[in-house]
Amino acid sequence: MEVMGEEVETLDKLPQIRLDTPARPESLPAEKEKIRIEDFSFWYGKTKALDGITSRVYQNRITAYIGPSGCGKSTFLRCLNRMNDLIPHTRWEGRIFLDEEEISRPSLDLTALRRQVGMVFQKSNPFPKTIFENVAFGLRIAGEGNLPKLSAAVEESLKQAALWEEVKDKLERSALALSGGQQQRLCIARALAVRPEVILLDEPCSQLDPISTAKIEELLLDLKSRYTIVLVTHNMQQAARVSDFSGFFLLGQLVEFDDTRKLFTTPSDKRTEDYITGRFG
Amino acid sequence: MERHFDEELEVIRRKLVEMGGLAEQLIGRSIQILVSRDNTLSEEVWPAEQIVNQKQIEIDEGCLELLARHQPMATDLRFLVSTLRITGELERIADQAVNITEAALVLIVRPEVKPLIDIPRMATLASGMVKDSLDAFVRKDTRLARAVLTRDDQVDGYKNQIFRELLTYMLSDPKTIERAIELILISRHLERIADHATNVAEDAIYYVEGRDVRHHAGEAAAPSGESRPF
């Protein structure tokens with residue numbers, strides 16, 4: 001553009017203002033329910049550990065349940081693959097559905113359920129076997145004896161668990177020689193080997209150093225495109241970092257359940273606010 | 001280790017660049033209206049300013065979420081805190097562009113006091129400062145940020161020159177006073193825009209070096225030797 005015979009260059013070059021930018025990001029697509037918990041209560045003997053829990057676990061999302069020790073969150077997690085059935089004198093009311101199937105009914109095939117819903121525990125518990133055999137274990141139990149097939153499954157599971165590069169040259173060594181963080185990733189690989197749909201993790205990082213913890217957290221974020229993940233932790237920073245949905249347990253009740261962004265920035269319940277800000281008690 | 005968190009920071013960074021681009025375009029557009037005397041150019045100004053406002057809310061929400069969820073430290077923390085400040089600066093810049101547009105719409109239906117020379121130059125300078133300060137932030141380029149800080153004096157020079165020149169018109173012909181004041185106000189808005197750009201440049205330096213150079217320009221000089229990466 002010329003002003004008084006002088007070129008004022010910027011003005012001609014200004015691009016048109018774009019008005020096609022959406023004013024607000026589009027709302028999220030509806031989530032698909034993977035697990036549905038309906039008014040579920042649970043007793044150890046006469047002690048009521050869970051009181052009328054209603055919650056949802058969404059497919060391909062990480063759902064975290066937080067709360068102080070003894071709040072019922074681990075009991076709740078173990079109800080999702082019926083691990084509590086191993087404990088005598090327990091009973092429950094209410095119903096839990098995996099997809100459309102009720103998994104809280106007494107006649108359920110528990111072996112089939114646990115193939116669909118894998119679990120990783122607080123303390124890494126590799127078997128005193130080789131790395132290879134640890135991962136292949138579930139498949140061997142299920143009757144798979146074909147070595148090339150087993151090898152392929154072991155490799156894929158270890159890759160998914162972000163452990164392959166570290167162990168590929170020592171698959172025949174004892175799993176017990178691995179570091180704590182590696183052992184925990186091995187347990188995740190072992191859970192993945194049987195191709196579950198849901199993975200339950202009970203305090204998976206509480207015994208790990210920050211670097212190993214960060215590796216597991218990155219791993220969970222990678223895995224959620226293929227699996228539905230439920231995480232129980234008293235490390236609420238971890239829940240805040242990795243989860244999409246969060247629930248806060250207190251004294252056997254699910255006080256609040258919401259989008260993680262909401263729960264950690266503007267919780268609805270005063271008790272949740274007090275817990276996550278460290279004012280609890 | 002590649003972090004998922006980095007992808008989330010990248011989303012924020014991209015939105016900030018979009019917001020800055022829009023604010024910069026608004027400055028250009030407001031001066032274009034004044035120079036071309038074409039009021040049809042003003043139609044997009046208000047909706048565009050609304051988008052800038054919306055982006056501020058969106059980016060701030062994103063930063064708040066990441067602060068709450070990740071408790072970021074060091075560079076990550078400084079990035080998010082600086083971004084929160086910068087969205088405020090960009091939003092004010094867009095407001096100033098709207099003020100210029102409003103003044104321009106008053107002026108263009110009346111005869112020119114004088115041909116416009118310094119105001120378009122000043123606008124080019126201020127708009128360049130906005131662009132460079134944000135580029136400095138996004139590219140972690142503190143040399144560029146410091147160059148923006150030194151350009152602020154030129155903008156102030158223009159403002160004083162415009163004032164002095166228009167004063168002579170007003171003294172010789174009182175009928176020009178109203179229009180001359182509008183022009184002086186436009187130069188004032190441009191000067192404010194440049195001030196906001198220097199704030200963005202200071203945030204860029206804080207983000208990259210962890211040094212707070214606000215309010216003491218003398219200490220804004222680069223540290224001796226290589227700039228120290230934090």
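Here is how names work: the chains are called A, B, and so on, in the same order as the sequence lines, proteins then strands, and each is numbered from 1.
- For the atom pair CD (A:Glu218) and NE2 (B:His4), the distance works out to 5.5 Å, reported to the nearest 0.5 Å.
- Within 6.0 Å of atom CZ in A:Arg173, 12 or fewer heavy atoms from other residues, nucleotides or ligands are found, so the atom counts as exposed in its surroundings.
- Counting heavy-atom neighbours within 6.0 Å of B:Leu185 CG, excluding the residue itself, gives a total above 12.
- Residues of residues 228-243 of chain A that come within less than 4.5 angstrom of chain B, heavy atom to heavy atom, are A:Gln237, A:Ala240, A:Arg241, A:Val242, A:Ser243 in numerical order.
- Listed by chain and number, the residues in a side-chain hydrogen bond (donor to acceptor under 3.5 Å, both in side chains) with A:Glu166 are A:Gln182, A:Arg185 (sequence neighbours excluded).
- Heavy atoms of other residues, nucleotides or ligands lying less than 6.0 angstrom from NZ of A:Lys32 number more than 12.
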Tabulate below the donor-acceptor pairs under 3.5 Å that side-chain atoms of residues 108-118 of chain B make, not counting sequence neighbours, or state none.
{"residue": "B:Arg110", "atom": "NH1", "partner": "B:Glu178", "partner atom": "OE1", "Å": "3.3"}
{"residue": "B:Asp118", "atom": "OD2", "partner": "B:Gln161", "partner atom": "NE2", "Å": "2.7"}

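- By the neighbour-count criterion of 12 heavy atoms within 6.0 Å, atom NZ of A:Lys123 is sparsely surrounded, having that number or fewer from other residues, nucleotides or ligands.
- At a heavy-atom cut-off of under 4.5 Å, chain A is reached by B:Leu64, B:Glu65, B:Ala68, B:Arg69, B:His70, B:Gln71 from residues 62-72 of chain B, listed in order of number.
- Note that CZ of A:Arg261 is 9.5 Å distant from CD of B:Glu61, once rounded to the nearest 0.5 Å.
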